[in-house]
Amino acid sequence: MKPDQVTSTVLQGEGVSISLQDVTVFYGINPAIQDVRMDIFANSVTAFIGPSGCGKTTLLRCINRMNDLITNTQISGEIRVFNQDVRKLDPIDLRRRVGMVFQRPNPFPTSVYENIALGLRVNGFKGNIAEQVEKYLRLVGLYDEVKDRLKTNALQLSGGQQQRLCIARSLALEPEIILMDEPCASLDPISSIRIDNLITQLKKFFTVVIITHNLQQAARIADWIAFFKVVESGGAKFGVLDEYATSTDFFTKPVSIDSYNYINTRIG
């Protein structure tokens with residue numbers, strides 16, 4: 001069974017997609033986040049929430065080794081994905097299996113069709129590419145909106161359409177995990193609701209981890225809430241995992257006083 005609180009316990013085993021044990025990240029001599037211990041479960045939506053500067057994005061980027069691209073980054077502890085240490089996995093293969101959607105839509109400056117088809121070709125897909133393009137555009141609810149504009153430059157789509165296209169592009173590579181860094185931050189409310197509905201559908205097939213500053217969004221879509229806070233020690237400020245609970249427990253009976261204050265400050 002999934003425990004109500006797993007902040008201090010790592011339960012590597014069946015149903016766990018990602019396991020983090022004592023994960024600490026430094027940028028040069030500056031700590032970003034320290035001693036994170038948690039499991040993220042398959043076919044669920046886990047929301048990372050907390051104030052700016054608490055290390056949410058840093059931690060998310062560790063899962064598929066995106067922080068490898070930042071110089072002077074030091075990571076200690078263990079991150080296991082698919083029950084394998086990510087440090088022992090080829091980073092390119094890891095990033096194919098662990099897709100990422102960024103805060104701002106970043107479609108390729110080419111056609112809607114090619115945004116999805118290109119990745120399929122590069123990864124050696126031998127089937128019918130046109131069928132795959134349609135399949136994933138339908139999955140994100142975009143096909144009917146763009147079926148007559150597949151040759152149109154993707155940059156001409158609306159912001160919400162671009163974000164759904166980027167999600168379709170990621171899904172077309174058939175990842176097992178999808179990481180989302182505030183995917184609705186730059187979208188209007190209607191587009192945001194469409195993304196929320198999509199995420200709820202995606203967990204049937206994938207494990208989803210999302211960063212959001214919108215507590216209403218977290219309450220709507222997340223099964224699990226990981227709340228991070230900023231602490232100060234030795235003159236340095238960094239993030240720590242303060243509470244990890246089911247969404248229902250987090251919002252109705254938070255254990256941490258900092259969680260309680262954060263919820264009531266943001267919602268009250």
Side-chain angles (χ1 to χ4, degrees), residues 17-18 40 42-46 60-61 63-66 69 81-82 84 86 89-187 191-211 221:
S17 285
I18 306 164
I40 295 172
N43 300 111
S44 66
V45 177
T46 299
L60 193 78
R61 291 170 62 95
I63 295 171
N64 66 349
R65 292 182 55 181
M66 289 290 288
L69 305 175
V81 175
F82 323 118
Q84 295 176 286
V86 297
L89 296 173
D90 176 75
I92 294 179
D93 182 58
L94 174 65
R95 291 170 197 149
R96 183 191 65 77
R97 298 175 69 188
V98 183
M100 192 156 193
V101 177
F102 297 92
Q103 181 178 125
R104 294 187 178 278
N106 60 339
F108 302 142
T110 184
S111 71
V112 172
Y113 182 94
E114 281 299 313
N115 261 268
I116 298 175
L118 180 61
L120 293 169
R121 293 194 199 98
V122 169
N123 283 274
F125 180 75
K126 303 299 183 183
N128 187 314
I129 289 181
E131 288 182 356
Q132 291 297 102
V133 170
E134 180 177 342
K135 172 184 175 180
Y136 288 101
L137 287 176
R138 285 192 182 279
L139 185 61
V140 300
L142 190 57
Y143 183 74
D144 288 341
E145 298 174 32
V146 301
K147 63 184 178 182
D148 298 322
R149 296 192 288 161
L150 294 178
K151 295 182 180 180
T152 299
N153 190 304
L155 298 178
Q156 295 181 26
L157 300 179
S158 70
Q161 289 173 328
Q162 288 184 24
Q163 191 65 295
R164 281 184 285 156
L165 177 62
C166 292
I167 295 172
R169 184 179 68 194
S170 177
L171 297 180
L173 300 181
E174 299 187 344
E176 295 154 71
I177 296 168
I178 303 170
L179 310 177
M180 295 184 166
D181 189 355
E182 294 192 72
C184 300
S186 61
L187 303 184
S191 295
S192 296
I193 290 295
R194 286 176 174 169
I195 297 294
D196 286 357
N197 292 337
L198 172 60
I199 291 170
T200 300
Q201 293 299 313
L202 291 180
K203 73 176 182 180
K204 298 176 183 177
F205 313 102
F206 310 96
T207 300
V208 181
V209 185
I210 180 172
I211 293 174
I221 67 173

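Along the sequence shown, the residues carry numbers beginning at 1. Predicted model, so just to flag it, every value in this text is computed and none were measured.
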> Got a second to check how far Ile211's CD1 is from Cys184's SG, nearest 0.5 Å?
Replying inline: 13.0 Å
> Is there side-chain contact between Tyr113 and Lys151, with heavy atoms separated by less than 4.5 Å?
Replying inline: no
> Which pair of non-hydrogen atoms, one from Val101 and one from Ile167, has the smallest distance, and what is that distance?
Replying inline: CG2-CG1, 3.8 Å
>> My understanding is that only one of Ile178, Val86, Leu179 makes a side chain to side chain contact (heavy atoms under 4.5 Å, CB included) with Val98; could you say which?
In response: Leu179
> Sub-3.5 Å donor-acceptor pair from the side chain of Glu145 to the main-chain atoms of Leu142, do we have one?
Replying inline: no
> Atom CG in Asp181, atom CE in Met66: separation rounded to 0.5 Å?
Replying inline: 10.0 Å
>> side chain to side chain contact (heavy atoms under 4.5 Å, CB included) for Asn123 and Phe125? Distances and angles first, verdict last.
In response: CA-CA 6 Å; Asn123 283 274; Phe125 180 75; 6.0 Å; no
>> Are Lys135 and Arg138 packed together at the side-chain level, in the sense that at least one heavy-atom pair is separated by less than 4.5 angstrom?
In response: no
> Considering the options Thr207, Thr46, Asn43, which one meets the side chain to side chain donor-acceptor pair (under 3.5 Å) requirement together with Ser17?
Replying inline: Thr207
>> Please report the interatomic distance CD1(Ile177) to OG(Ser170), rounded to the nearest 0.5 Å.
In response: 11.5 Å
>> Run the side chain to side chain contact (heavy atoms under 4.5 Å, CB included) test on Glu176 and Phe206 for me, step by step, so that the C-alpha distance in whole Å, both residues' side-chain angles and the decisive distance to 0.1 Å come before the verdict.
In response: CA-CA 5 Å; Glu176 295 154 71; Phe206 310 96; 5.9 Å; no
> Does the side chain of Val208 reach to within under 4.5 Å of the side chain of Ser44, using non-hydrogen atoms?
Replying inline: no
> Nearest 0.5 Å, what's the CD1-CG distance between Ile129 and Leu120?
Replying inline: 5.5 Å
> Is Arg65 reaching over with its side chain to a backbone N or O of Arg95, donor-acceptor style, under 3.5 angstrom?
Replying inline: no
>> Suppose we screen for salt bridge (charged side-chain N to carboxylate O under 4.0 Å, His left out). Which residues come up paired with Arg96, at least two apart in sequence or across chains?
In response: Asp93
>> As an exercise, state the distance from OG of Ser191 to CD of Gln162, rounded to the nearest 0.5 Å.
In response: 10.5 Å
>> Would you say CG of Leu69 has more than 12 non-hydrogen atoms from neighbouring residues, nucleotides or ligands within 6.0 angstrom?
In response: yes
>> For Leu202 and Leu171: C-alpha separation, side-chain torsions, deciding distance, then whether side chain to side chain contact (heavy atoms under 4.5 Å, CB included) applies.
In response: CA-CA 10 Å; Leu202 291 180; Leu171 297 180; 3.6 Å; yes
> Shortest non-hydrogen contact from Gln103 to Ala185?
Replying inline: CG-CB, 3.6 Å
>> To the closest 0.5 Å, what do you measure between CE (Met100) and CG (Asn106)?
In response: 10.5 Å
>> Between Ile210 and Val45, is the side chain to side chain contact (heavy atoms under 4.5 Å, CB included) condition met? List the steps.
In response: CA-CA 7 Å; Ile210 180 172; Val45 177; 4.0 Å; yes
> Considering all heavy atoms of both residues, which atom of Pro105 and which atom of Gly159 are nearest to each other, and what is their separation?
Replying inline: CG-O, 3.6 Å
> Does the side chain of Leu157 come within less than 4.5 Å of Arg149's, by heavy atoms?
Replying inline: yes
> Is a side-chain N or O of Asn115 found less than 3.5 angstrom from the main chain of Phe108, in a donor-acceptor match?
Replying inline: yes
>> Measuring only between side-chain heavy atoms, which start at C-beta, is Met180 closer than 4.5 Å to Leu60?
In response: no
>> Restricting to non-hydrogen atoms, name the atom on Pro183 and the atom on Gln163 that form the minimum distance, rounded to 0.1 Å.
In response: O-NE2, 2.8 Å
>> Can you confirm whether Ile116 sits close enough to Leu137 that some side-chain heavy atom of one is under 4.5 Å from a side-chain heavy atom of the other?
In response: yes
> Between Leu155 and Pro107, is any pair of side-chain heavy atoms under 4.5 Å apart?
Replying inline: yes
> Which salt bridge (Lys or Arg N to Asp or Glu O under 4.0 Å) pairs, counting each pair once, include a residue from residues 118-132, with sequence neighbours left out?
Replying inline: Glu114-Arg121
>> A side-chain contact here means heavy atoms from C-beta on lying under 4.5 Å apart; do Val122 and Leu118 qualify?
In response: yes
>> Once salt bridge (charged side-chain N to carboxylate O under 4.0 Å, His left out) is applied, do any residues pair with Arg169, and if so which ones, sequence neighbours excluded?
In response: none
>> Give me the atom names and distance for the closest heavy-atom approach of Arg104 to Ser186.
In response: NH1-CB, 3.9 Å
> Where is the tightest heavy-atom contact between Ala168 and Tyr136, given as atom of each residue plus distance?
Replying inline: CB-O, 3.6 Å
